[in-house]
Trainee: 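Below are the structure tokens for one structure; questions will follow.
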Protein chains: 2
Amino acid sequence: MTSGSGPIVSLSELTYKRGDQIYGKDEPTNYVCQVKKGAVRRCRLLSDGRRQINSFHLSGDIFGLENGGVHRFTAEAVVETTVSLIRQQSLEDVAEFDAVLSRNLLSMTTSNLQHAENHMLLLGRKSSMERVAAFLLEMDERLAAAGVLSLPMSRRDIADYLGVGLETVSRAVSQLHRAGVVNFIGNNQREIVILDRHRLASFDQPSSARS
Amino acid sequence: MTSGSGPIVSLSELTYKRGDQIYGKDEPTNYVCQVKKGAVRRCRLLSDGRRQINSFHLSGDIFGLENGGVHRFTAEAVVETTVSLIRQQSLEDVAEFDAVLSRNLLSMTTSNLQHAENHMLLLGRKSSMERVAAFLLEMDERLAAAGVLSLPMSRRDIADYLGVGLETVSRAVSQLHRAGVVNFIGNNQREIVILDRHRLASFDQPSSARS
DNA sequence: CGACATATTGATATCCATCAAACCGGGTGG
DNA sequence: CCACCCGGTTTGATGGATATCAATATGTCG
């Protein structure tokens, strides 16, 4: 996060264990967070246990910027995670006079909106296989390191992000594995190698010829 | 839309017939639009005909503000609709020096984001009945005039907004009608009276006691 | 009045959720 | 070191919510 006069210093760093809540729904939005290490999920829970994960935030991502004074989602650490905090008030103070920061805040919110709107198409209209393929491609883009996709989140997290059951995610990944599109490192189901990115993309596509 | 120095004048007004495209996906974002009369849908189409409507925009709403130079969705008139246009460039020029306008742009984008994130929960996790009940309540809030809910959009539009089939929408509304929760004005299925708002809300709720 | 779009209602098919069981790796403690 | 457990994952079997197909109303417009 930068302003017209250089980067803004962060207030402090905190580390959370996997599963820990970073902030809760309806808590006041005093801080904006940046992920230093690990991964964060922003989610909402229905009283009967249904859960929707709106977004994952990985190393470098900023999250927790919301207007209206209270968080509309819960944020939790997916794995051991450290985040740095920035006072929201101080951001707003600076933005008042700093057009560069102001534009940065807007473009950050806009890109969150873009992501959300893409996800709405996925949730509203895509088949379970298309959802899983799209997910793997998204994560590949965001955290591909040396060709290995090292997913921090569980099948259940993925399922709640994609709006399907966790068994459905498992079956889709297995099917991609059997089709020779992805592979696992050792027997760790969270370490995935994408063997054929192009063919994977074809699974997130209306069923014309699917090789 | 207001800035620090009063309202911003619009460039011009245009009227579209029902079904007309206002702008297309991937067109350059030269203009931001405000609905004067009628209703607009912003949607995306998959090659096999599946469609997702991300948002409806009613009288007074502003839409079409997107970063990145191109529209990521198609905007179409749901019914006969007139919109007024504002040059996006002129907005950005003013925002550079006008903190009030700048904050307005941000809060507009934020409220779009809020809507999108609420909709993600609906699309990812809610039953068809919950979706329809939520839809009626949303529209009731946004265009309730004298207790009558006068929907401008077809069942198909509603279905593509809620991520279900149009017959499913029809069945849910019928069920609410039979349950005495809503009623129709004459025989027009788009003129709806909500007889019991509280009971309707209970249909958008995990199945505890549903009266 | 007939032609067409839109909506409802019914019958059937299908995808996916759910229930259930087996599997697997990792940690713990005897 | 091995037995055991435990959370996460896979795989299989079944049911159910909703998509899809089809037929019938109902409304609209020329």
Side-chain angles (χ1 to χ4, degrees), chain A residues 17-19 46 48-52 78-79 122-133 135-136 150-179 182-192 203 206-207, chain B residues 17-19 46 48-52 78-80 122-133 135-136 150-179 182-192 203 206-207 210:
Chain A
K17 287 210 217 327
R18 129 201 154 105
L46 255 38
D48 62 351
R50 282 176 288 178
R51 184 179 67 155
Q52 178 65 35
V78 172
V79 289
L122 181 150
L123 293 171
R125 285 305 179 198
K126 290 194 178 179
S127 73
S128 62
M129 178 52 92
E130 289 169 340
R131 295 180 199 213
V132 171
F135 173 77
L136 292 175
S150 190
L151 299 175
M153 68 288 284
S154 71
R155 297 292 191 250
R156 163 136 300 284
D157 285 335
I158 299 173
D160 287 344
Y161 179 61
L162 299 179
V164 297
L166 77 158
E167 298 93 334
T168 302
V169 173
S170 186
R171 278 182 240 273
V173 174
S174 294
Q175 191 176 329
L176 290 172
H177 185 198
R178 266 179 270 121
V182 303
N183 216 338
F184 300 111
I185 299 285
N187 275 344
N188 187 340
Q189 298 92 341
R190 297 194 189 179
E191 305 274 334
I192 294 180
F203 279 89
S207 59
Chain B
K17 290 211 212 330
R18 128 201 156 106
L46 257 38
D48 62 351
R50 282 176 287 177
R51 184 178 66 155
Q52 178 65 36
V78 172
V79 290
E80 173 137 332
L122 181 149
L123 293 172
R125 286 306 180 197
K126 290 193 177 178
S127 74
S128 62
M129 179 52 93
E130 289 168 340
R131 295 179 198 213
V132 171
F135 172 78
L136 292 174
S150 189
L151 299 176
M153 68 289 284
S154 70
R155 297 291 191 252
R156 163 136 300 284
D157 285 336
I158 299 174
D160 287 343
Y161 179 61
L162 299 179
V164 296
L166 76 157
E167 297 94 335
T168 303
V169 174
S170 186
R171 280 182 238 274
V173 174
S174 294
Q175 191 176 329
L176 290 172
H177 185 199
R178 266 179 269 121
V182 304
N183 217 337
F184 300 111
I185 301 287
N187 275 342
N188 187 341
Q189 296 93 342
R190 298 193 189 180
E191 304 275 331
I192 294 179
F203 279 90
S207 60
R210 177 168 294 164

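Lettering follows sequence order; numbering is per chain, from 1.
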Trainee: Return no unless some side-chain N or O of A/S154 is found under 4.0 Å from OP1 or OP2 of D/dG8.
Mentor: no
Trainee: State whether B/S174 places a side-chain N or O below 4.0 Å from either non-bridging phosphate oxygen (OP1 or OP2) of C/dT9.
Mentor: yes
Trainee: Rounded off to whole Å, could you give me the NE2-to-C1' distance for the A/H177 and D/dT9 pair?
Mentor: 14 Å
Trainee: Please tell me which of the listed nucleotides, D/dA19, C/dA7, C/dA17, lies nearest to the side chain of B/R155?
Mentor: C/dA7
Trainee: So, OP1 or OP2 of C/dC16: does either fall under 4.0 Å of a side-chain N or O from A/T168?
Mentor: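 Checking A/T168 against C/dC16: no side-chain N or O falls below 4.0 Å of OP1 or OP2.
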Trainee: Can you tell me how far P of C/dC15 sits from CE of A/M129, to the nearest Å?
Mentor: 12 Å
Trainee: Closer to the 5' end of DNA chain C via nearest nucleotide, is it A/N187 or B/R125?
Mentor: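 Closest to the 5' end, via its nearest nucleotide, is B/R125.
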Trainee: Specify the residue among B/R18 and B/R178 whose closest nucleotide of DNA chain C lies further upstream toward the 5′ end.
Mentor: B/R18
Trainee: Is a side-chain donor or acceptor of A/R155 paired with a backbone partner of A/Q189 at a separation under 3.5 angstrom?
Mentor: yes
Trainee: Answer yes or no: does a side-chain N or O of B/S128 lie under 4.0 Å from OP1 or OP2 of D/dT18?
Mentor: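 Yes, because at least one side-chain N or O of B/S128 sits under 4.0 Å from OP1 or OP2 of D/dT18.
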Trainee: As a quick check of understanding, evaluate side-chain contact (heavy atoms from CB on, under 4.5 Å) for A/L122 and A/Y161, giving each step before the final call.
Mentor: CA-CA 10 Å; A/L122 181 150; A/Y161 179 61; over 6 Å; no
Trainee: Of the nucleotides D/dT11, D/dG8, C/dT8, which one has an atom closest to the side chain of A/E167?
Mentor: D/dT11
Trainee: Which nucleotide in the set D/dT10, C/dT6, C/dT8 lies at the smallest distance from any side-chain heavy atom of B/R190?
Mentor: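 Nucleotide nearest to B/R190's side chain: C/dT6.
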Trainee: Distance check: side-chain N/O of A/R171 vs OP1/OP2 of C/dC16, anything under 4.0 Å?
Mentor: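 For A/R171, the contact criterion (side-chain N or O under 4.0 Å from OP1 or OP2 of C/dC16) is not met.
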Trainee: When you look at B/L136 and B/L176, which way does the side-chain contact (heavy atoms from CB on, under 4.5 Å) test go after all the steps?
Mentor: CA-CA 11 Å; B/L136 292 174; B/L176 290 172; 3.8 Å; yes
